[in-house]
Amino acid sequence: MILSIFSGLASGLSLIIAIGSQNAFVLRQGIRRSHVVLVIAVCAVSDLILILLGVAGLGVVIEQAPAAVDVVRWAGAAFLLVYGGLAAGRAIRGGQLAPSAASVNGHWAAALGTCLALTWLNPHVYLDTVLLLGSLANAHGPDGKWWFAAGAGLGSIAWFTALGFGARFLGPLFQRPSAWRVLDGGIAVVMGTLAVLLIV
């Protein structure tokens, strides 16, 4: 049981701790202190659902339906290009709010919609979380795979919580508009690169 939990924790963290569209969004929301709890909850719950689906065997269905992955791939690429374009626009314009004022900026529905899209329109989440983690979990046997899933889920919750709430400590740095420009420029590059990689 302990081995399965730690294996799941290590595997989950190794997949989730990477510069990607979802993490970039969580980081930005955390720095702005804007709907952080909502964003963390959506990311963590989505990951838990995907992990459980993978352990339950949805990965086999995905392997048999490559056309479905293609649809998600193109939709995800389009969304990433749009979101990257918006970030690039913010980087060019500058003048972002300081973190202390950011809590009143932006509607929760916009944050929710963006977070859901960045999570569920990303085909890598199905390949990594559902297929890969599902396969690794099943190697632990009928009972052990659920302990593996628990470890992976724990890793997801811990990571998003640390990223979302830890980002506020970067607040003093982001009192300067130039720091926001660099962040948004970096986000634009990440989103654009991921979109291109999805397309090709």
Side-chain angles (χ1 to χ4, degrees), residues 5-6 8-55 72 76 79-80 82-84 86-87 90 96-130 132-134 137 146-175 179-180 182-184 186-188 190-191 194:
I5 290 174
F6 277 105
L9 179 64
S11 299
L13 287 174
S14 67
L15 289 176
I16 202 171
I17 300 177
I19 298 174
S21 56
Q22 189 184 52
N23 283 341
F25 179 72
V26 175
L27 178 64
R28 190 173 196 282
Q29 293 296 112
I31 292 171
R32 293 170 63 85
R33 300 181 188 178
S34 179
H35 311 297
V36 179
V37 173
L38 173 65
V39 169
I40 291 171
V42 169
C43 290
V45 170
S46 295
D47 251 24
L48 291 173
I49 292 171
L50 290 162
I51 290 167
L52 292 174
L53 289 174
V55 173
V72 173
F79 180 82
L80 288 173
V82 171
Y83 191 83
L86 293 174
R90 289 193 303 266
Q96 296 298 310
L97 292 173
S100 59
S103 59
V104 297
N105 185 54
H107 195 274
W108 67 267
L112 175 64
T114 301
C115 193
L116 288 171
L118 288 172
T119 301
W120 293 92
L121 288 180
N122 179 7
H124 290 297
V125 81
Y126 299 101
L127 299 176
D128 291 344
T129 308
V130 178
L132 183 54
L133 283 183
W146 297 110
W147 290 112
F148 180 96
L154 180 62
S156 179
I157 293 169
W159 169 251
F160 286 121
T161 301
L163 183 62
F165 287 118
R168 69 181 58 201
F169 294 109
L170 298 174
L173 173 65
F174 284 89
Q175 295 290 340
W180 283 105
V182 171
L183 176 66
D184 282 322
I187 289 174
V190 169
M191 301 295 180
L194 290 174

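If you read the sequence from its start, that first residue is 1, and numbering goes on from there. Source: prediction; values computed, not measured.
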Stepwise side chain to side chain contact (heavy atoms under 4.5 Å, CB included) check, R28 with D184: CA-CA 8 Å; R28 190 173 196 282; D184 282 322; 2.7 Å; yes
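Partners of F6 by side-chain contact (heavy atoms from CB on, under 4.5 Å), not counting sequence neighbours, listed by chain and number: I2, L9. Residues that satisfy the side-chain contact (heavy atoms from CB on, under 4.5 Å) test with A41, not counting sequence neighbours, are absent from this structure. Residues passing the side-chain contact (heavy atoms from CB on, under 4.5 Å) test with T114 are F25, F79, Y83, L118, sequence neighbours excluded. In terms of the side-chain hydrogen bond (donor to acceptor under 3.5 Å, both in side chains) criterion, residue partners of Q22 (sequence neighbours excluded) are, by chain and number, T119. Partners of S46 under the side-chain hydrogen bond (donor to acceptor under 3.5 Å, both in side chains) rule, at least two apart in sequence or in another chain, are W120.
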Ignoring hydrogens and angles, write down the donor-acceptor pairs under 3.5 Å from the side chains of residues 48-55, residues two or more places apart or on other chains.
none

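With Q29 contributing its side chain and S34 its backbone, the two residues share a donor-acceptor pair below 3.5 Å.
Between the CG atom in L27 and the CD1 atom in I31 there is a gap of 4.0 Å [rounded to 0.5 Å]. Taking SG from C43 and CD1 from I157, the interatomic distance works out to 12.0 Å, rounded to the nearest 0.5 Å. Atom-to-atom distance recorded for F165:CZ and I40:CD1 is 4.0 Å, nearest 0.5 angstrom.
At least one side-chain heavy atom of F160 sits under 4.5 Å from a side-chain heavy atom of D47.
What you find for G30 and A167 is that their closest heavy atoms are C-CB, 3.6 Å.
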